[in-house]
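Have a look at this one before I ask anything.
Counting begins at 1 with the first residue of the sequence. Scope of the values below: all heavy atoms of this structure, side chains included, with no hydrogens, waters or symmetry mates.
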Amino acid sequence: MNRPFTMPMDTQTSTRASDYFGSLTFSGDVMLKRLPPEVFMNLQRTMQRNLSLDRSIANTVASAIKEWALEHGATHYCHWFQPLTGLTAEKHDAFLSPTGDGGAIEKFSGDALIQGEPDASSFPSGGIRDTYEARGYTAWDATSPVFLLRGSDGNKTLCIPTAFVSWTGEALDQKTPLLRSIDAVSKHALRIVRLFGDTKTSNAIATLGCEQEYFLVDRELFLQRLDLVVCGRTLIGAQPPKGQQLEDHYFGAIPEAVLAYMTECEERLFELGIPVKTRHNEVAPGQYELAPTFENSNVAVDHQMTTMHVLRSVARKHGFECLLHEKPFAGINGSGKHNNWSMSTDTGVNLLDPRDDTHPNMQFMVCLAAIIRAVDIHADLLRVSIATAHNDHRLGANEAPPAIMSIYLGEMLTSILDQIVGGESKKSAKTADLDLGARTLPQIPRHSSDRNRTSPFAFTGNKFEFRAVGSSQSVAWPNTVLNTIIAESFDFIATALETKLGKNPSPAKMETVVRSLLKEIVKTHRRVCFDGNGYSAEWHAEALKRGLPNFPSTADALPALATKKAEKLFAQYGVLSQRELHARYEIQMEQYCKIVQIEGRTLVQMAVTQILPAGLRAQGELADVVASTQHAGVPCPESEAALRDLAGQVAALRSAASALDSATSKDVQAIEKRVRHCRDVVVPAIGKVRELSDALERIVPADIWPMPDYASMLLIR
């Protein structure tokens, strides 16, 4: 039985939450207790200001980390990094090293902490590394805490978050460009706050909080579905009689078995310094969500990858399989990972907080205008940042934001934009309390705007929620793109203001110049703002009229990475060189094709070895019934018609499976042509086999159907 987990808050108890929180991370109080004061201050400065580690303290830090890890039962350490697979990678080394006399010593140096050397040829590189060019390096990112990861057997491994680069120094991972983009957006955000008189801020920080949606299914049922095991989603499956029509699962009572699982996940995450603030049932049956607090975006990305690992590993202990695929079940809601992004100063000012009265808050309006401009100019890059074969099944359906990038601002900010363009100034609309009409109920303060769940990029009070990110996706790449395009807009605005204002401008001149620039930006880029229903056909027509790009699939979106505009942007802000960007373009095209082809081949195998035999068996049994009935001299036209229908469906499925087999087997050499072949031929062929298989499932007896159905997987807990 799992030990129930609570966060003890009473200072009289023997164990405080502060003693437990992050107990498996080398940070905070742990560092303070184990490092000399001057080393502790040096390391803290490194972490807080996003600096590289001072090598003079590396051995001291390594020694303290080793002793702490050994005391907690760790036997191995690894450089934990995020290659371009979308997952994490690690190679474990033992602390024990043999000595010449047949003994062993515990050894972990500063060099081992700072740098590792994994094989760089076996990870996706997009042409940066050939098979025979194996050397690559991992480098400790000291701004992200070292942590201990527990295995299912209780053993712990010391994990050192690192960047991963080629022997040439080119980035082969998700973290390196993310860190570069954080530097870029911070640098130019700092220019903005300096213009508004802030001389105390030394660093602007991109902050992030990622909600995570996921499904839980019984692991025994999961293992009986080849499509779930291989692809992470069901490639076939007729709709159950009850899905989410009654809307009774959302925020409903959490099943006891699921709650026990959630509780252990929270305990594991809390130990790793990842506090989960919310947990609840999501819209679809079998779907759930958790959300942590906001953090520095680099740490948040690392924590998000760890969260996915914990969700998967703990599920198996509880007899579940955690599905993070964006669309594991057709016909019900898929899963996303809402990416809540904001900017703050190291003095505690949220740059996206409009405060009580927005009109005099010119700094906020400048930051808002910069984001509007960034999303409009670089909508193609924002779209490609969340483009995957998995997410194609979710985006644009009545559950997720459309593939058209737009911004939701809400009534109050939309009114202010109207006033900026019109040149008039009115008082901001004050929010009022909601009277709920009963004496026993309190008056509730109403927010300045509603929430729009159909918008891919929505302002939600003091942050932007990028809702289109997929549930299985690493958030590193979307945030790299987001940081870079906003850095470019901050740079554009800061340069314009610095040029027009000169030195020591008067408040009147400051207001005049800022208002003029805001008016120009809003008039030019406001087309990307839309507060209505993003799911509607009317919006698609309106977006086309406004000239907004619409890339329905990953295959449509990927060419945005191969444009001169993209090359110039990422190179100008030092985020990705031309070669590094092109490598990512190549890798994303290859991954798209491989995922689609794997799904196609999996479905062919299921059709040939499971579905068609079940259909033929049902056909044979029905034929026996018809023959015996006719032999008895009893007319059975309905049974004869059913037999003809069943035989026709089996034949149609065999033909469709053969066509899909041919489509997945076709050798298309040029990668761009292969992407289009997958989009235009393989994906429709998969859909056709699914359509015929699902129709067959509705008429084949349940005892013959060879795999668990949707009702079994989604509705039974």
Side-chain angles (χ1 to χ4, degrees), residues 213 233 239 243-247 250 282-284 287 326-327 329-339 372 375-411 413-414 417-418 449-460 464-471 478 524-560 676 678-681 683-688 690-691 694:
E213 296 173 344
R233 76 177 182 103
Q239 291 301 300
Q244 61 190 58
Q245 303 97 315
L246 297 179
E247 301 169 332
Y250 192 48
E282 249 301 328
V283 172
Q287 187 185 34
E326 282 72 6
K327 195 72 171 178
F329 301 99
I332 62 172
N333 275 22
S335 297
K337 179 150 44 194
H338 300 168
N339 190 94
I372 292 172
V375 174
D376 185 29
I377 293 176
H378 301 293
D380 56 343
L381 291 177
L382 203 57
R383 169 66 180 93
V384 80
S385 76
I386 45 88
T388 67
H390 296 162
N391 217 8
D392 280 356
H393 299 287
R394 168 178 165 266
L395 289 182
N398 284 347
E399 58 171 280
I404 304 167
M405 293 294 108
S406 66
I407 294 177
Y408 168 80
L409 293 178
E411 184 180 348
L413 293 182
T414 299
L417 294 190
D418 290 338
S449 68
D450 203 343
R451 294 179 63 196
N452 189 328
R453 66 185 299 272
T454 71
S455 174
F457 202 74
F459 184 73
T460 56
F464 275 95
E465 183 180 30
F466 189 14
R467 295 176 55 86
V469 181
S471 54
T524 305
H525 301 290
R526 190 178 180 177
R527 64 175 186 162
V528 79
C529 299
F530 177 69
D531 285 1
N533 181 4
Y535 296 161
S536 68
E538 291 79 9
W539 166 234
H540 283 248
E542 174 63 22
L544 179 63
K545 190 186 302 182
R546 294 186 187 188
L548 299 180
N550 181 5
F551 302 112
S553 74
T554 293
D556 301 310
L558 285 176
R676 291 193 293 271
C678 287
R679 177 194 62 190
D680 299 336
V681 180
V683 170
I686 289 173
K688 185 62 178 177
R690 170 163 208 147
E691 176 189 340
D694 291 356

* Evaluate the criterion side-chain contact (heavy atoms from CB on, under 4.5 Å) for residue pair Ile372 and Leu417; output intermediate values, then yes/no. => CA-CA 11 Å; Ile372 292 172; Leu417 294 190; 4.1 Å; yes

* Asked: Looking at Met405, Arg467, Arg383, which one forms a side chain to side chain contact (heavy atoms under 4.5 Å, CB included) with Pro456?
  ->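 Answer to the side chain to side chain contact (heavy atoms under 4.5 Å, CB included) test with Pro456 among Met405, Arg467, Arg383: Met405.
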
* Asked: For the atom pair OG (Ser385) and CG (Asp380), what is the distance rounded to the nearest 0.5 Å?
  ->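 Here the interatomic distance stands at 10.5 Å.
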
* Asked: How many angstroms lie between OG in Ser406 and CG in Asp376, if you round to the nearest 0.5 Å?
  ->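 Output value for this atom pair is 11.0 Å.
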
* Can you name the closest pair of heavy atoms from Val384 and Leu558 and give their distance? ->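 Heavy-atom minimum between the residues: CG2-CA, 3.7 Å.
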
* Asked: What are the two closest non-hydrogen atoms of Gly336 and Ser471, and how far apart are they?
  ->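 Here Gly336 and Ser471 meet closest at O-CB, 3.6 Å.
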
* How many angstroms lie between atom CD1 of Ile386 and atom CG of Leu381, to the nearest 0.5 angstrom? ->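 It comes to 11.5 Å.
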
* Output the distance between atom CZ (Phe530) and atom OH (Tyr408), rounded to the nearest 0.5 Å. =>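 The distance works out to 11.5 Å.
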
* Indicate the atoms forming the closest heavy-atom contact of Asn533 with Tyr535, along with that distance. =>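 The pair with the smallest heavy-atom distance is OD1-N, 2.9 Å.
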
* N/O donor-acceptor pair under 3.5 Å between Asp392 side chain and Thr554 backbone ->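 Answer holds: yes.
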
* Asked: Distance from Gln239 atom CD to Asp694 atom CG, nearest 0.5 Å?
  ->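 It comes to 7.5 Å.
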
* Shortest non-hydrogen separation from Ala403 to Asn550 and the atoms involved ->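 Smallest interatomic distance, heavy atoms only, reads CB-OD1, 3.9 Å.
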
* Indicate the ring-plane relationship of Phe457 and Phe464, choosing parallel, tilted or perpendicular according to the 30° and 60° boundaries. =>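 The rings of Phe457 and Phe464 lie parallel, inter-plane angle below 30°.
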
* Given Arg526 and Asp418, is the side-chain contact (heavy atoms from CB on, under 4.5 Å) satisfied, shown in steps? -> CA-CA 10 Å; Arg526 190 178 180 177; Asp418 290 338; 2.5 Å; yes

* Shortest non-hydrogen contact from Arg527 to Gly547? ->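 It is NH1-O, 3.4 Å.
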
* Where is the tightest heavy-atom contact between Cys529 and Leu409, given as atom of each residue plus distance? ->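 Closest approach of Cys529 to Leu409: SG-CD1, 3.8 Å.
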
* To do: Mind running side-chain contact (heavy atoms from CB on, under 4.5 Å) on Thr414 and Glu411 for me, showing each step along the way?
  => CA-CA 5 Å; Thr414 299; Glu411 184 180 348; 5.8 Å; no

* Criterion side chain to side chain donor-acceptor pair (under 3.5 Å) against Ser335, the qualifying member of Lys327, Glu326, Gln287, Glu213 ->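 The passing option is Gln287.
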
